[in-house]
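Per chain, numbering begins at 1; letters A, B, ... match sequence-line order.
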Amino acid sequence: MALKLQQNGYTMKDNQLKKSSTVLNKRPLGEVKSSSHSSFKKPKIGDGSLPITGKQVSVKAEKEADDYDHVPISERLKKPISSGNKSLATKQKATKVVSSSFKKSSKNKKQVKKSMYSKSSKMLPSSGEGQKWTTLVHNGVIFPPPYKPHGVKMLYKGKPVDLTPEQEEVATMYAVMLDTDYMNKATFKENFMNDWRKILGKNHVIQKLEDCNFTPIYEWHQREKEKKKQMSSEEKKALREEKLKQEEKYMWVSLDGVKEKVGNFRVEPPGLFRGRGEHPKMGKLKKRIRPSDITINIGKNAPIPECPIAGESWKEIRHDNTVTWLAFWNDPINPKEFKYVFLAASSSLKGQSDKEKYEKARLLKDYIQGIRTAYTKDFTNKDITRRQIAVATYLIDKLALRAGNEKDDDEADTVGCCTLKVENVEPVPPNILKFDFLGKDSIRYQNEVEVELPVFRAIQQFRTGKQGGDDLFDKLDTSKLNAHLKELMPGLTAKVFRTYNASITLDDMLNRETKGGDLAEKVVVYQHANKEVAIICNHQRTVSKSHSAQMSRLNEKIDELKGMLDEFKTDLARAKKGKPPLKGADGKPKKNLNPEALERKIAQTTAKIEKMERDKETKEDLKTVALGTSKINYLDPRITVAWCKRHEVPIEKIFNKSLLAKFTWAMDVEPSYRF
DNA sequence: GAGTCGGACTCAGAAAATTAATA
DNA sequence: ATATTAATTTTCTGAGTCCGACT
């Protein structure tokens, strides 16, 4: 957790300057809109895995189909990679290297033109008031297998205990966690024992957790794990295929006649609740979900999925086309909350809203100057609420803080901007703010930032007369803040600033820092920008427990290589004088190489050492930084795609398979696209 | 009409699974 | 070539945001 957050006061300022200049250079809307359409196309269902009724024929209509027509065909069909102003050598390499997905996507365009937009755009999923789809066919959800008792007896006060399968199941959940950190959490143990006791019954032999010995079950579990690991690869493969066969029918839906992947079709298995941070409910039993807990949402004319557990039935069937969920059940830990089954990230439905998210963030570009001017003015507003709104907006903009909704007492104690406590922000004269708080997922945010003097004074004043645990922004909550933001820009909310700042930072850094170089160097530029964004957004990961071992092994290897290098050098010197090489460290004689060969070896080894040194550095550098989250959620993929096209970087170097699938809507963006 | 709550969606890191690299 | 191990990807499900209806 020793993340040393740079204060990004300097960097930020720099970015902001850049930003304002981008604003001046707006693109015509047409260009903005030109990208997405072809990629929303999905293959029609052809494998008969879903029961498609006659009525489920595609009536898919596309929003923005009209806008698409504004873009000249020549523009749309432009081959992304072929604008060749590069030297012959690079160009040749590039054509070979550049991704197939680009080519595919530009091909798609034509097909799309012909096949997709026959119906009027009046019917579009999101144009009809809140309507998300017209037909929806799916097979419901799959349940985890029933519990299989193992019969291994735990000990109570040293003696084996008989447990019913239900009691044993819960005991096993606990036993399996014996080697986790939860064993050091009193809350976890207490919550577990309370729920387990309910199942044991009042007068059970087992009364106190301290007298329980779960080791026999734990060891049984370890043996099972080992067995599984030792299975031959054929057995493993067979098992996988069996599972896949069972799950296949649940993996896909037909949405408006288009086959789409489901995200989470597996019902969550029972287990012990593992909250993040100091969660008051950790260790509670998450009970098994049954069909009678589950509400299914499905098209009116679609067959109702068969309940996969004999003799049981769904709780409810709905036909609500204003929502995108396929099913939900109440969270057993917090029955007021729901667990939804949604489509996968690769679906067009998700793609559509993803794109809308980035369009909204781009719209903020046109307003950001005005907004900044306005809140700067309000730092000294005599109305305290206005002043708090101004400062909060400033922090959200400058530091990419989350909005910070109110939380209940039965959740982990974490904060966002609006819920910051006095003790979370320490003013250090003349104008430094020291932040230290637990944010989402109880990830610590630590940062020291230089702020404008009026902000500094405002914070000091908000703190006066309050205790450490009091709200810093006592006149504020997220709904007031967002209501205010909505007056500044249509649809503006606090989270848009995070998207905006992340994406504009990427766009800006990529365009400032890409200077020729080979492919590897360009990828490094990208990773560098990605890292910057991850730091701004405070996306952290715990350092892997093998990290230090891995580092020292890297060091060993480097030393070894250096040793080799020295040997080569002495041998070279000797070879030049016609002498044979010295014996190796192991005492064996070496092949007598000519000087040229040795020169080559030296060059190779030097390069290898340099590469390893660089790898070591990045590894250490990124040990607490999670790059993935921003890539998935904050960075407009069109920035990446366009940059790849401009610099002849295969998109696969940056996006893996899932990302490519998730971002199909962004693939045919113009190379000139800027956020 | 401010506050609360149900509801639906995005975003989050850890853990598990898979694949690639290396010995 | 095969077995470890490291890196990467995928899965899992918890934790946020934000909206709108109700009180």
message = Given the structure, check if the side chain of A:Lys440 and the base of B:dC11 hold any donor-acceptor pair shorter than 3.5 Å.
response =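 Side chain to base: pair found, below 3.5 Å.
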Any donor-acceptor N/O pair under 3.5 Å between C:dG14 base and A:Arg274 side chain =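 Per atom types, no contact qualifies.
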query = Given atom NZ of A:Lys228 and atom P of B:dA16, what is their separation to the nearest angstrom?
reply =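 For the pair A:Lys228 NZ and B:dA16 P, the rounded distance is 10 Å.
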key: Distance, rounded to the nearest Å, where A:Phe328 contributes CZ and B:dT10 contributes P   =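 Taking CZ of A:Phe328 and P of B:dT10, I get 17 Å after rounding.
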What is the nucleic acid contact for [X], judged by heavy atoms within less than 4.0 Å: base, sugar-phosphate only, or nothing?
| X | answer |
| --- | --- |
| A:Asn405 | base |
| A:Ser544 | nothing |
| A:Pro335 | nothing |
| A:Gly416 | nothing |
| A:Lys281 | nothing |
| A:Lys486 | sugar-phosphate |
| A:Gly628 | nothing |
| A:Thr478 | nothing |

Just compare [options] and give me whichever is closest to any side-chain atom of [X].
| X | options | value |
| --- | --- | --- |
| A:Phe273 | C:dA15, C:dC12, B:dC11 | C:dA15 |
| A:Arg402 | C:dG14, B:dC9, C:dT17 | C:dT17 |
| A:Lys339 | B:dC11, C:dA15, C:dG14 | C:dG14 |

message = Using OP1 and OP2 only, check whether a side-chain N or O of A:Lys350 sits under 4.0 Å from B:dT10.
response =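 Answer yes for this pair, as a side-chain N or O of A:Lys350 is under 4.0 Å from OP1 or OP2.
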ask   = Under 4.5 Å between any side-chain heavy atoms of A:Lys522 and A:Lys653, yes or no?
value =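 Not in contact.
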request  = Verify whether one side chain among A:Asn530 and A:Ser630 offers a donor that lies under 3.5 Å from an acceptor in the other.
outcome  =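 Yes, side-chain donor-acceptor contact under 3.5 Å.
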